[in-house]
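This report refers to the structure that appears directly beneath it.
Proteins get letters first, then strands, A, B, ... in listed order; numbering begins at 1 in each. The shown structure was predicted, so the numbers you read here are calculated from the model rather than taken from an experiment.
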Amino acid sequence: MSLLQIVPSSPTPHHLLLPTQPHQPNKFQKAPRPFPADADEPASPSSSWVETLRSHSRNNCFHSALRTYVDMTAAGALPDHFAFPAALKSAAGLDDLALGRQLHAASIKFGHISSPAAVPNSLVTMYAKCGDICNALKVFDRISEPDQVSWNSIISALCMFEEWEMALDGFRIMQEHGFDESSFTLVSVSQACTSVGKRDGRRLAKELHGHGLRVGLYSDGKTYAYNSLITLYAKLGSIEDSVALFDRFGNRDIVTWNTMISSLMQNERYMEAMDVLHRMVVGGIKPDGVTLSSILPVCTQTDLLDFGKEIHAFSVRNDGLCENSFVASALVDMYCNFGDIVKARLVFDGVSGPRLGLWNAMISGYSQNAFDEEALELFIVMEEAAGLCPNATTLASVLPSCVRSKAFSSKESIHGYVVKKGLGSDKYVQNALMDMYARVGKMEVSWKIFSCMGARDVVTWNTMISGCIVADQLTEAFQLLSEMQRTGKRTAECKAAEDECSTYEGLDYERPNNITLMTLLPSCASLTALVKGKEIHGYAIRNRLDYDIAVGSALVDMYAKCGCLTLSRRVFETMPKRNVITWNVLIMAYGMNGHGEEALKLFHDMVARREVRPNEVTFIAVFAACSHSGLVNEGLELFNRMKVDYGVERSPDHYACVVDMLGRSGQLVKAYQLIKTMEPDSNQTGAWSSLLGACCIHRDVKLGEISANQLFELEPNEASHYILLSNIFAASGLWDRANEVRKRMKEMGVRKEPGCSWIEVGDKVHQFTVGDSLHPQSPQLHAHLDALWEKMRKEGYVPDTSCVLHNVDEDEKEILLCGHSEKLAIAFGLLNTPAGSTIRVAKNLRVCNDCHEATKFISKIVKREIILRDVRRFHHFKDGSCSCGDYW
DNA sequence: ACGCTTCCTC
């Protein structure tokens with residue numbers, strides 16, 4: 001609806017419409033013609049026009065209402081003080097500020113601005129809804145005799161702008177002026193109460209409750225105030241008060257039922273919410289769209305897909321509720337959470353003219369299921385075809401897809417776009433941007449956003465921590481964790497002492513939650529940072545986060561990767577619930593530690609208990625375990641039966657494991673033949689890598705060359721293939737050919753990942769690279785290794801110089817061997833930890849033969865247990881031998 | 001003139 005259609009003949013300049021000069025037409029302007037313009041005889045208000053207008057407005061048919069207004073003025077009927085509120089409501093409903101100002105002007109011209117207060121009251125509401133709080137306040141200030149509705153209007157306006165303190169002040173002044181609150185006041189003030197901190201909120205809630213009782217706001221038939229009060233208590237966390245109110249109320253309408261359901265949902269009382277729904281249906285009240293969209297999240301929260309489908313069917317059968325944007329959003333969300341994108345899309349497509357929220361739900365569903373191209377495509381359709389303007393939620397949903405998408409190259413331009421849309425200061429968007437910058441390697445920008453953010457929430461912290469981990473800033477990641485624990489604790493104490501401390505609000509510190517722990521635990525695992533891992537475990541127990549399946553599984557994994565199988569098993573056994581991931585982690589743990597039999601036993605246990613069904617990863621874990629323990633027959637048998645007995649398809653990864661298993665045991669030809677049986681267009685990289693590795697162990701030059709040539713085609717930039725082949729040649733004394741491979745690698749511009757080892761001492765993780773001389777203790781480490789070298793020689797140690805790939809003198813080779821990162825880390829451990837304590841070292845590559853041999857001797861000489869985890873598995877060195885039995 | 005509902009980042 002354009003301006004001209006509303007006030008077709010008004011030549012009045014815009015500034016005159018503003019309420020700053022309400023009654024003084026500018027003398028220098030031509031006086032506005034009477035409206036409507038060409039009326040020779042005074043036009044009279046027509047009650048039937050106004051009735052139609054008001055009726056449209058009441059039914060929220062804003063376009064029709066305004067059309068009526070236009071037709072009415074065109075027909076020469078004068079708008080009266082009943083017409084303006086209806087027209088203003090319609091303008092507000094269409095969020096059309098310009099239109100509202102025109103109506104404001106017209107109301108001045110026709111002299112409806114002063115009394116009764118109905119017109120200015122509507123103006124206050126119109127300005128507020130159109131986002132112009134200044135003019136709302138100005139109009140209110142000029143009302144000579146504000147009535148109760150005036151007060152309600154301005155309080156509600158202030159609430160829309162989240163000016164809670166001012167809203168509550170307004171409420172107090174209103175009472176001082178002798179006005180009682182009405183249900184309208186209560187609705188607004190209830191909102192304000194939820195936003196001033198729980199302690200003040202609860203006090204005010206009780207006050208309102210009492211006042212309302214005295215003025216009879218909760219008497220029969222008046223549900224508005226009552227429903228608001230139920231919501232208020234629920235939002236303040238006093239769900240018991242809500243339930244008590246609900247139970248006592250005899251006059252429930254459908255909103256009361258819906259209110260109770262959503263209140264319970266907000267307080268995570270899912271089963272009670274279901275119970276209320278049940279009582280509602282039994283009581284003969286038919287659920288509406290609000291009911292369905294409120295209850296649907298129960299399905300995701302409590303894993304009830306079938307119930308969700310039932311609701312879906314109900315919504316199709318009843319009044320086309322499935323085409324309601326809210327219901328559809330909740331359905332889309334539910335299906336996406338169960339990974340059923342296709343069903344979600346069907347629901348989405350069933351709605352004509354979806355609202356922004358529904359687009360957001362579908363886009364976020366795609367994004368969360370990593371359907372990134374689809375998410376971006378839908379985002380573009382929404383903007384270009386549907387002409388909708390994205391909001392903060394849209395951007396927060398689509399941003400992760402932008403970051404992951406290959407098609408989207410200029411990631412940084414997104415930030416500009418976001419700012420242009422005016423959404424740069426939204427917390428959710430900022431969190432997503434921080435994540436984006438961390439992922440594209442611009443950590444400094446993430447830090448900048450983080451430090452400038454006004455209100456950080458727990459996700460802000462978690463995003464920053466995970467960003468640090470992605471960017472390999474592990475020290476900073478753990479620093480953030482301790483900062484969270486330190487400051488978050490203070491916040492929690494404040495929350496607990498809310499009855500004493502009313503100033504709690506706006507503190508931007510958060511306590512670590514399950515996501516925080518899950519983000520950090522894998523880092524503890526990969527660094528074998530057992531002390532830090534145990535600290536996190538302790539925190540989890542104290543905060544009841546160890547009940548979380550994902551946290552529990554991460555703990556099982558962390559202990560396993562730190563070489564503490566017993567603790568790993570204990571966490572597993574004490575978990576109240578386990579899923580397939582938990583089982584897989586433990587099976588993997590036994591496998592990595594060389595306990596193949598136990599891993600197989602666990603697998604059979606898992607199947608027998610029927611707690612969970614094995615999946616693809618389960619078989620990878622089982623095959624890896626068989627491989628490390630030489631259980632070739634057992635592994636092959638499962639490989640043959642996995643499809644028939646367990647319904648799991650063989651994947652290229654499974655082939656790679658089984659090739660590894662066969663190859664490691666020396667059955668190289670059989671392994672080679674197995675690769676030949678793979679689908680020609682499947683990814684054979686893993687399988688060939690396994691074979692090449694096996695050829696390296698068993699020094700098979702011919703098959704090694706075949707495998708390497710395959711791999712040079714598939715992954716020409718992967719350094720390890722060149723190194724392994726060169727290694728095979730070197731081990732057989734074919735130095736020329738070994739050097740040839742090295743040369744080729746250099747020509748290809750491929751660089752070897754430097755060997756790197758970690759050891760945790762005290763509260764720090766120390767990192768060593770090959771030949772490290774940068775570490776402050778470097779001279780002492782080398783001296784210590786030299787001293788050990790002598791003792792080892794006496795015990796019978798012979799350096800295995802075949803591990804050195806360069807064709808240099810034997811003496812030089814020995815020196816090079818000494819610089820291997822794992823030896824440095826072990827030496828560091830020996831020098832810096834108490835005698836007799838266990839040393840845990842992790843390495844990013846496979847341990848070399850010589851280090852393996854040397855560590856056996858070291859463990860005997862220094863009488864220490866040394867646990868070394870390489871990229872594949874564990875080696876527990878004790879008293880001169882290794883747990884792997886030299887089979888690795 | 002009002003109350004209940006969906007979508008958001010780790």
Side-chain angles (χ1 to χ4, degrees), chain A residues 57-58 85-86 88-89 92 118 121-122 124-126 128-129 148-150 152-153 155-157 159 182-188 190-191 222-232 234 253-263 265-266 287-297 324-334 336 354-365 367-368 390-400 403 423 426-436 438 457-467 469-470 513-516 518-520:
Chain A
S57 159
R58 251 197 312 276
L88 283 165
K89 180 191 167 185
N121 292 348
S122 300
V124 169
T125 304
M126 182 277 297
K129 281 197 175 162
Q148 194 197 36
V149 178
S150 312
N152 289 343
S153 302
I155 291 171
S156 138
C159 286
S182 71
S183 61
F184 293 98
T185 333
L186 206 118
V187 168
S188 304
S190 292
Q191 287 171 10
K222 295 184 179 174
T223 58
Y224 279 96
Y226 208 90
N227 296 339
S228 299
L229 203 59
I230 294 178
T231 306
L232 173 58
D253 59 9
I254 183 146
V255 180
T256 318
W257 286 97
N258 290 345
T259 303
M260 196 61 245
I261 289 173
S262 66
S263 295
M265 289 296 294
Q266 275 164 22
D288 66 1
V290 177
T291 323
L292 299 192
S293 42
S294 304
I295 199 72
L296 265 167
N324 167 317
S325 228
F326 285 100
V327 176
S329 298
L331 282 171
V332 165
D333 185 53
M334 190 259 312
C336 287
R355 301 239 230 125
L356 185 61
L358 181 51
W359 288 92
N360 290 348
M362 195 63 233
I363 290 172
S364 111
S367 179
Q368 281 171 356
N391 66 5
T393 305
T394 325
L395 289 176
S397 307
V398 82
L399 264 168
V403 176
L423 299 167
D426 180 87
K427 188 171 63 185
Y428 291 119
V429 173
Q430 285 180 326
N431 288 343
L433 282 172
M434 275 166 45
D435 191 48
M436 178 187 84
D457 62 9
V458 69
V459 180
T460 313
W461 287 87
N462 291 347
T463 306
M464 204 58 214
I465 289 175
S466 88
I469 289 170
V470 170
N513 65 3
N514 53 345
I515 308 276
T516 322
M518 274 160 48
T519 310
L520 282 159

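The phosphate of B:dC8 (OP1 or OP2) has a side-chain N or O of A:Q368 nearer than 4.0 angstrom. For A:Q191 and B:dC2, the shortest distance from a side-chain N or O to OP1 or OP2 is not below 4.0 Å. An OP1 or OP2 oxygen of B:dC8 is reached within less than 4.0 angstrom by a side-chain nitrogen or oxygen of A:S364. Contact between the side-chain N/O atoms of A:K129 and the OP1/OP2 oxygens of B:dC2 is found at a separation under 4.0 Å.
Using a 4.0 Å heavy-atom criterion, one finds that A:T259 contacts the sugar-phosphate atoms exclusively. Within the 4.0 angstrom heavy-atom criterion, no nucleotide atom of any strand lies near A:N514. A:N152 comes within contact range of at least one nucleobase, with a heavy-atom separation under 4.0 Å. If you check every strand for non-hydrogen atoms under 4.0 Å, A:S183 touches a base. Nucleic acid contact for A:T231: sugar-phosphate only, since backbone atoms but no base atoms lie under 4.0 Å from a heavy atom of the residue. Among the atoms of the strands shown, none is found under 4.0 Å from any heavy atom of A:T519.
With sequence neighbours left out, the salt bridge (charged side-chain N to carboxylate O under 4.0 Å, His left out) criterion links A:D435 to A:R439. Residues satisfying the salt bridge (charged side-chain N to carboxylate O under 4.0 Å, His left out) criterion with A:K89, sequence neighbours excluded, are absent altogether.
Between the side chains of A:T223 and A:D253, a donor-acceptor pair is found at a separation under 3.5 Å. With hydrogens and angles left out, the side-chain atoms of A:N391 and A:D426 include no donor and acceptor closer than 3.5 Å.
Atom CG of A:L395 is separated from atom P of B:dC8 by 14 Å (rounded to the nearest Å). Between the CD1 atom of A:I261 and the P atom of B:dT6 there is a distance of 12 Å, rounded to whole Å. Rounded to whole Å, the distance from CH2 on A:W257 to P on B:dG3 is 22 Å. Atom-to-atom, CD1 of A:I155 to P of B:dA1 comes out at 17 Å; the value is rounded to the nearest Å. Nucleotide B:dT9 holds its P atom 10 Å from the CG atom of A:D435, rounded to whole Å. As a whole-Å value, the separation of A:M265 CE from B:dC7 C1' is 15 Å. Between the P atom of B:dC7 and the CH2 atom of A:W359 lies a distance of 18 Å, rounded to the nearest Å. Rounding to whole angstrom units, CD1 of residue A:I230 and C1' of B:dG3 are separated by 10 Å.
For the pair A:S367 (side chain) and A:S397 (backbone), a donor-acceptor distance under 3.5 Å is present. Looking at A:S294, its side chain does come within 3.5 Å of a backbone N or O of A:V290 through a donor-acceptor pair.
No hydrogens or angles were tested; on distance alone, a donor-acceptor pair under 3.5 Å links the side chain of A:S293 to the base of B:dT5.
Ring-base stacking between A:Y428 and B:dT9 is not satisfied when judged by a centre separation under 5.5 Å and a plane angle under 30°. Here A:F184 lies parallel enough and close enough to stack on the base of B:dA1, with planes under 30° and ring centres under 5.5 Å apart.
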